[in-house]
Amino acid sequence: MTTLVHGSDTLTRDALTVLQPGFVGTTAPDWLLRRIGEGLSSVGLFGRNIVTPEQLTALTAQLRAERDDVLVAIDEEGGDVTRLEVKRGSSFPGNYALGSVDDVELTRAVARELGRRLAQCGVDLNWAPSADVNSNAENPVIGVRSFGPDPDLVARHTVAYVDGLQGVGVAACTKHFPGHGDTNVDSHDALPRIDVDLATLHARELVPFRAAVAAGTKAVMSAHILLSALDPHCPATLSPQILTGLLRQELGFEGLIVTDGMEMQAVSATYGIERGSVLAIAAGADAICVGGGLCDEDTVLRLRDALVNAVRTGELPEERLADAAARVRALAAWTQAHRARGAGSVPGAAVQEGTAPGADIGLVAARRALRVTRGERPYTPVTGTPYVASFTPVANFAVGDETPWGIAAELERLLPGTETGSYDESSADSALADAGERRVVAVVRDLHRHPWMIRALDALLAARPDTVVVEMGLNEAEPRGALHIATHGAARVCGRAAAEAVVGTGA
């Protein structure tokens with residue numbers, strides 16, 4: 001490990017300033033508070049750090065007692081990716097649901113209410129929204145996190161989301177630049193590659209990011225993807241052509257460039273996190289996100305020392321590191337000013353009828369996002385105690401496997417006695433045996449991507465044609481079942497809206 005000078009050294013402070021690490025626990029460990037005192041300017045929160053709003057508020061107050069201008073960041077997209085409500089499911093539908101409604105005022109209102117809750121708890125940087133154009137329906141990691149496959153639709157809802165968050169003093173971090181939508185590989189696992197020409201990139205991937213930059217997004221997150229037309233050698237996070245040439249110079253972005261998680265295999269498997277972080281800052285990134293997996297003091301020290309050593313050996317220009325640190329401090333000053341003004345409530349914000357911010361705006365949006373298709377036979381609402389058969393794919397890393405999904409809990413609330421079972425690549429026989437004589441509600445997620453799930457559902461429907469089918473992922477497969485309900489996402493409120501439709505009290 002490199003021998004460092006005293007912690008007050010400007011170079012060392014700048015190296016700490018550009019890190020956005022995570023940690024374990026629901027209170028800040030001593031090592032984190034100590035590093036904040038030495039110059040660490042940002043902290044990233046994940047589901048493991050959050051239990052209740054009150055606990056989260058106490059945690060952010062603990063961080064700011066050490067340093068008032070520390071940036072507290074979170075990966076809170078709403079919908080399938082939630083950290084605020086990781087144990088129960090989100091109160092807000094995700095981007096795909098909002099895009100399916102295509103009411104920008106509704107999207108703005110949802111983002112405003114989500115931002116208000118973050119601000120109330122002391123969180124001031126949200127690694128959201130996803131501005132990826134989900135042009136590849138086989139995408140294993142974006143999917144319902146995108147507003148949809150149309151660039152203009154994604155652009156207008158990205159702008160609305162940025163406006164909603166930043167209007168209540170929470171900095172938006174538009175991601176994953178320059179666009180993760182046309183991939184069939186998850187960058188948590190390997191390096192995705194997009195081989196399309198420049199014209200396609202400008203007409204598709206870059207449209208929402210241009211709009212977000214024009215709308216004043218405070219931050220942009222880079223993607224660990226290789227776009228051969230822009231840089232055939234380096235993933236976007238490590239590419240000067242993409243971060244400096246395209247984002248800074250061509251798109252004119254002056255805010256904070258944040259990397260996606262540096263421990264993700266798309267970067268770490270080839271470069272390692274230390275060298276990857278040095279290359280990212282050299283390429284034009286300003287902040288290194290790490291902590292989804294590596295979340296200890298040693299990780300912070302390794303990255304700090306790698307950056308310091310790179311400056312001392314001439315690999316990383318000192319002025320580039322200083323510029324990155326200055327951008328972090330500028331964003332911290334913006335959020336600090338909003339907190340001082342008490343911007344979390346935004347009284348009197350004008351919105352359209354039916355989209356006023358409030359505790360129920362997420363449910364309002366989820367209900368509007370439902371698409372209900374009736375089968376050939378007249379549909380009889382479920383009134384007895386049904387059996388919910390959930391066909392469960394492997395969750396991607398961004399979503400995680402901690403957050404519950406489905407509609408069983410919401411049906412149980414409406415129809416006490418509802419039972420449920422979870423099924424993977426087994427046949428439908430087990431689900432039929434477990435259901436007995438009860439009406440079956442089959443819950444699927446991205447049915448079109450899983451042949452085993454299609455086979456199981458077809459067998460189930462052949463045996464029980466009165467089965468209700470609820471699709472909680474991308475709505476790409478043909479509707480089937482006595483009633484087909486597309487929720488456009490698996491958030492808890494999407495499950496509640498679907499349950500209402502099953503029993504005939506909703507759509």
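Heavy-atom basis, side chains included; hydrogens, waters and symmetry copies ignored.
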- Looking at W405, is R492 sitting on its ring face, NZ or CZ under 6.0 Å from the six-membered ring centre and within 45 degrees of the normal? no
Acceptor/donor pairs from residues 17-24 side chains to any protein atom, 3.5 angstrom cut, sequence neighbours excluded:
residue : atom : partner : partner atom : Å
T17     : OG1  : R13     : O            : 2.7
T17     : OG1  : G39     : O            : 3.2
T17     : OG1  : R329    : NH2          : 3.1
Q20     : OE1  : W127    : NE1          : 3.3

Sequence neighbours excluded, the answer for side-chain hydrogen bond (donor to acceptor under 3.5 Å, both in side chains) partners of T244 is none
For P192 and H180 the tightest heavy-atom approach is CG-CE1, 3.9 Å
> Is there a donor-acceptor contact under 3.5 Å linking the side chains of H338 and T335?
Replying inline: no
So that I can tick it off, tell me whether E297 and R34 are bridged by a salt bridge, with the cut-off set at under 4.0 angstrom between side-chain N and carboxylate O. yes
Would you say the side chain of D446 lies within less than 4.5 Å of the side chain of P393, judging by non-hydrogen atoms?
no
- [ ] Side-chain contact test, heavy atoms from C-beta onward, threshold under 4.5 Å: evaluate it for L206 versus F177 and give yes or no.
- [x] yes
Checklist entry - Does any donor atom in the side chain of S41 or R67 lie under 3.5 Å from an acceptor atom in the other side chain? => result yes
**Item:** Short N-O contact, K175 and D75, less than 4.0 angstrom
**Value:** yes
Verdict with supporting geometry, D182 and E205, side chain to side chain contact (heavy atoms under 4.5 Å, CB included)
CA-CA 9 Å; D182 189 19; E205 273 76 12; 3.6 Å; yes
Between A280 and I288, the two heavy atoms sitting closest are CB-CD1, 4.0 Å
Quiz item: Taking NZ, NE, NH1 and NH2 as the nitrogens, is one of them in E250 or R210 under 4.0 Å from a carboxylate oxygen of the other?
Solution: yes
Point to revise | Test item: T420 side-chain N/O and V388 main-chain N/O as donor-acceptor pair under 3.5 Å | key: yes
Quiz item: Between E274 and L303, is there a donor-acceptor pair closer than 3.5 Å when you use the side chain of the first and the backbone of the second?
Solution: no
* To do: Decide yes or no for R248 and L243: does some side-chain heavy atom of the first lie under 4.5 Å from some side-chain heavy atom of the second?
  => no
CZ of F92 to CD1 of I361, rounded to nearest 0.5 Å, is 9.0 Å
Heavy atoms of D286 and I281 approach each other most closely as C-CD1, 4.0 Å
ask   = Would a distance-only check, ignoring hydrogens and angles, find a side-chain to backbone donor-acceptor pair under 3.5 Å from S239 to P235?
value = no
| query | So, Q336 side chain and A332 main chain: donor-acceptor pair closer than 3.5 Å or not? | reply | no
Residue set satisfying side chain to side chain contact (heavy atoms under 4.5 Å, CB included) with V72, at least two apart, ordered chain then number -> L45, T60, L63, R64, V70, V123, D124
>> What I want to find out is whether R83 reaches E77 closely enough, with some N-O distance under 4.0 Å, to be called a salt bridge.
In response: no
The reported gap from CD1 in I36 to CD in Q62 (rounded to nearest 0.5 angstrom) is 8.5 Å
**Residues R275, E315: salt bridge by 4.0 Å N-O rule** = yes
Would you say the side chain of E76 lies within less than 4.5 Å of the side chain of R117, judging by non-hydrogen atoms?
no
Inset, instruction - Show your working on side chain to side chain contact (heavy atoms under 4.5 Å, CB included) between L125 and C173 and close with a plain yes or no. - result: CA-CA 7 Å; L125 171 59; C173 184; 4.3 Å; yes
Between T237 and S222, the two heavy atoms sitting closest are OG1-OG, 2.7 Å
- From CA spacing to verdict: side chain to side chain contact (heavy atoms under 4.5 Å, CB included), N136, T183: CA-CA 6 Å; N136 187 343; T183 64; 5.8 Å; no
Modelled atom types, side-chain donor and acceptor of H224 and D260, under 3.5 Å: no
Min side-chain heavy-atom separation V443-T392 under 4.5 Å:
no
Between the side chains of D80 and R145, is the shortest nitrogen-to-carboxylate-oxygen separation below 4.0 Å, so that they form an ion pair? no
Any sub-3.5 Å donor-acceptor pair from Q265's side-chain atoms to L191's backbone N or O?
no
Check: A172 main-chain N/O paired with Q166 side-chain donor or acceptor under 3.5 Å: yes
Side-chain touch R88/T403, heavy atoms, less than 4.5 angstrom: no
Query - Evaluation steps, side chain to side chain contact (heavy atoms under 4.5 Å, CB included), between K218 and W334 - result: CA-CA 9 Å; K218 292 295 179 182; W334 181 85; 3.4 Å; yes
SG of C494 to CE of M472, rounded to nearest 0.5 Å, is 6.0 Å
Please answer whether the main-chain N or O of G78 pairs with a side-chain N or O of T82 as donor and acceptor at a distance below 3.5 Å. no
Value for OG1 (T107) from CG (N95), rounded to nearest 0.5 Å, stands at 8.0 Å
In short, D103 meets R368 closest at the heavy-atom pair OD2-NH1, 3.0 Å
Rounded to the nearest 0.5 Å, the CD1 atom of I242 sits from the CD1 atom of I257 at a distance of 11.5 Å
**Item:** R496 side chain near L363 side chain, heavy-atom distance below 4.5 Å
**Value:** yes
* Verify, without hydrogens or angle tests, whether S268 (side chain) and E263 (backbone) share a donor-acceptor contact under 3.5 angstrom. => yes
Does any donor atom in the side chain of N134 or S146 lie under 3.5 Å from an acceptor atom in the other side chain? no
Given S91 and E85, is the side chain to side chain donor-acceptor pair (under 3.5 Å) satisfied, shown in steps?
CA-CA 8 Å; S91 300; E85 299 178 278; 2.7 Å; yes
Hey, does P53 have a side-chain heavy atom less than 4.5 Å from the side chain of L56?
no
Is the closest side-chain donor-acceptor distance between S422 and S390 under 3.5 Å? no
The reported gap from CD in E254 to CG in L251 (rounded to nearest 0.5 angstrom) is 11.5 Å
Discussion item. Given 3.5 Å as the limit, does a donor-acceptor pair link the side chain of D14 with the main chain of L11, or not?
Written reply: no
Closest non-hydrogen atoms of A119 and V168, given as atom of the first, atom of the second and distance, are CB-O, 3.9 Å
